[in-house]
Amino acid sequence: MSQSRTLDLEFVRQQFPPNHWQWAYFENAGGAFVPYTVIKRMSSYMTETQVQPGYPFPESTDAAQRVNSGQRLMAEFIGAEIDEVTITASTSINVYVLTQALRHLWQPGDEIIVSTLNHEANSGPWRRLAEFGLKLVEWPVSPESAALDVNELEQLLGDKTRLVAFPHVSNITGDINDVKSITEKVHAVGAMVCVDGVAYAPHRSVDVKDWDVDFYLFSFYKVFGPHLGCLYGKRQRLLEARAQGHYFFGEDDLSHKFNPAGPNHESIAALVGIADYFDTLYSHHFDSRSESFFRRTGKLYELFAAHEESLAMQMLDFIDSKQAIRLIGSATSDKNSRVPTFSFQVASMKASEIPLLLARDKVAISAGHFYAKRLLDSLSLPQSEVVRCSMAHYNTSAEVDLLIQGLDKHI
Ligand SMILES: Cc1ncc(COP(=O)(O)O)c(C=O)c1O
């Protein structure tokens, strides 16, 4: 056991299939690698317990236990109770279902505030409520900094506001919004928040109770797990919402209420592998295992954050040295202010050319609007797409050097 208080990257990377490290991978905001523990859990579920869970024969009771453990641990991961989380195919479907589940609470003329900073997943489904007479109010970003201004939100909030939908972190800028203080302001006018935490949860620990959020969403395939999405809702809010599942599930059956598609058993069972992974890293870096999983993960994430901050510093030093690069988002590396996702445009080069050039040196980056099209359109940039380089805790400083060398060669 190591007592190191910095992330032991060699150990971290041993937990993943080694073929991943043949390229310097910076498309983590799109999807993260999964460790062996997740792969093993998925495979063992399908090998040993691939039956309908919950019936009184051994494979079925075992299956139910594994699915239940996946759900319970991921609820603990964000500080929630097990029945306050719904795990379905994706965040996109979770927001869509949520809008349908809440709309009966509102009257024509009631207002939903939607931030332009959102990924489309937390934007389009709310906007479609205009079809039912709801008024959609835009919370724009600053055209220069692409940041949200809370004072501007305060001007928009009023007695007709019912909900504010905004991202914890933008998948373009990487900047962290102050969810707790925004939520306080929204609650002060009696409205709810729906926070997209997809770009936050892989980097900083989530605490839904401390932030007092009404709804919080993230996707496991960005948090080192399988392709699933998680919807957290405060119990009272979930009870007020209208069930979207089969008619014979009651309104108080929270486990079925928001998943009309039904659960993906093997993938939910594989979520235990995320907890296995975090615990493997925790035991390697810290002494005691007597703390709760929530606290263990919190401590581990502090190591992730410190490492990511140093990668961010390295990247921002380079960006700062290049006149031709226009960074979309803040130029700080402070771990409390941003995660290491960097989007930019380069004068006189098309964004889509750049990933192709870097691929020659086995550096994986991406270009596009990344489903944050409304955000990019609102910034009046010279091009409609950006180059995006997004890091995770398993990236090394040597990989960032390769990225910088690759960019430096062509820009
Ligand atoms: C910030 C953000 N929100 C939401 C989503 C949508 O998540 P999902 O693919 O689970 O629907 C993404 C996906 O890239 C994202 O980056």
Side-chain angles (χ1 to χ4, degrees), residues 25-34 38 74 77-78 85-100 114-128 139 141 146-148 164-177 179 182 193-204 206 208 213 215-232 258-261 263-264 267-268 270-271 274 328-329 338-343 364-376 378 385-392:
Y25 181 73
F26 296 108
E27 225 298 280
N28 294 286
F33 294 142
V34 295
V38 170
M74 292 306 106
F77 170 54
I78 60 169
V85 301
T86 301
I87 299 177
T88 80
S90 69
T91 291
S92 300
I93 190 69
N94 282 341
V95 178
Y96 182 81
V97 170
L98 185 63
T99 61
Q100 299 309 306
V114 181
S115 167
T116 320
L117 191 62
N118 277 309
H119 179 286
E120 193 60 18
N122 198 26
S123 182
W126 298 113
R127 291 173 196 272
R128 288 180 68 169
W139 179 14
V141 295
L148 284 179
V164 180
F166 67 98
H168 200 161
V169 164
S170 146
N171 62 326
I172 299 289
T173 66
D175 291 333
I176 301 175
N177 292 308
V179 164
I182 294 171
V193 294
C194 177
V195 184
D196 175 351
V198 173
Y200 179 91
H203 304 284
R204 307 287 180 267
V206 176
V208 290
V213 283
F215 301 105
Y216 194 89
L217 302 107
F218 66 100
S219 301
F220 290 108
Y221 68 101
K222 325 260 190 188
V223 191
F224 325 110
H227 213 114
L228 291 174
C230 183
L231 164 68
Y232 158 81
F258 303 97
N259 191 0
N264 178 329
S267 298
I268 299 176
L271 297 175
I274 301 178
I328 322 294
R338 72 140 53 246
V339 304
T341 294
F342 303 95
S343 299
I365 59 169
S366 48
H369 58 61
F370 302 104
Y371 293 18
K373 188 167 176 347
R374 291 177 209 265
L375 167 66
L376 295 185
S378 82
E385 298 190 330
V386 292
V387 181
R388 187 175 72 178
C389 310
S390 54
M391 299 160 192

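Computed from a predicted structure; not experimentally measured. Note that ligands are numbered from 1 as they come in the structure, with each ligand's atoms numbered from 1 the same way. Index from 1, following the sequence.
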Whether the side chain of T341 engages the backbone of G174 through a donor-acceptor N/O pair (distance < 3.5 Å, no angle test) should be reported.
no
Please work out, at 4.0 Å between heavy atoms, whether the side chain, the backbone, both, or neither of S90 comes within that distance of ligand 1.
both
Tell me which protein heavy atom sits closest to atom 11 (O) of ligand 1, plus the residue, atom name and distance to 0.1 Å.
S92 OG, 2.6 Å
Do me a favour and list the nearest non-hydrogen protein atom to atom 9 (O) of ligand 1 with residue, atom name and distance?
Y221 OH, 2.4 Å
Note: V198, heavy atoms under 4.0 Å from ligand 1, region reported as side chain
Do we see a donor-acceptor contact under 3.5 Å between the side chains of T88 and N94?
yes
N177 side chain vs P167 backbone, donor-acceptor pair below 3.5 Å:
yes
What is the closest protein heavy atom to atom 7 (O) of ligand 1, and at what distance does it sit?
S219 OG, 3.4 Å
Residues R374, E120: salt bridge by 4.0 Å N-O rule
yes
Quick check on side-chain contact (heavy atoms from CB on, under 4.5 Å): which of V195, V223, I78 does V206 satisfy it with?
I78
Option of least heavy-atom distance to atom 13 (C) of ligand 1 (set: H168, K222, E120, H227)
K222
Do me a favour and list the nearest non-hydrogen protein atom to atom 6 (C) of ligand 1 with residue, atom name and distance?
H119 CE1, 3.5 Å
Would you mind running through ligand 1 and noting each atom that sits below 4.0 Å from a heavy atom of A121?
4 (C), 6 (C)
Has R128 got more than 12 heavy atoms of other residues, nucleotides or ligands less than 6.0 Å from its CZ?
no
Students should be able to answer this: which protein heavy-atom is nearest to atom 1 (C) of ligand 1, and at what distance?
D196 OD2, 3.5 Å
Take Y25 and F33, measure what ring pair (Phe, Tyr, Trp, His ring centres under 6.0 Å) needs, and give me the verdict at the end.
CA-CA 10 Å; Y25 181 73; F33 294 142; 4.4 Å; yes
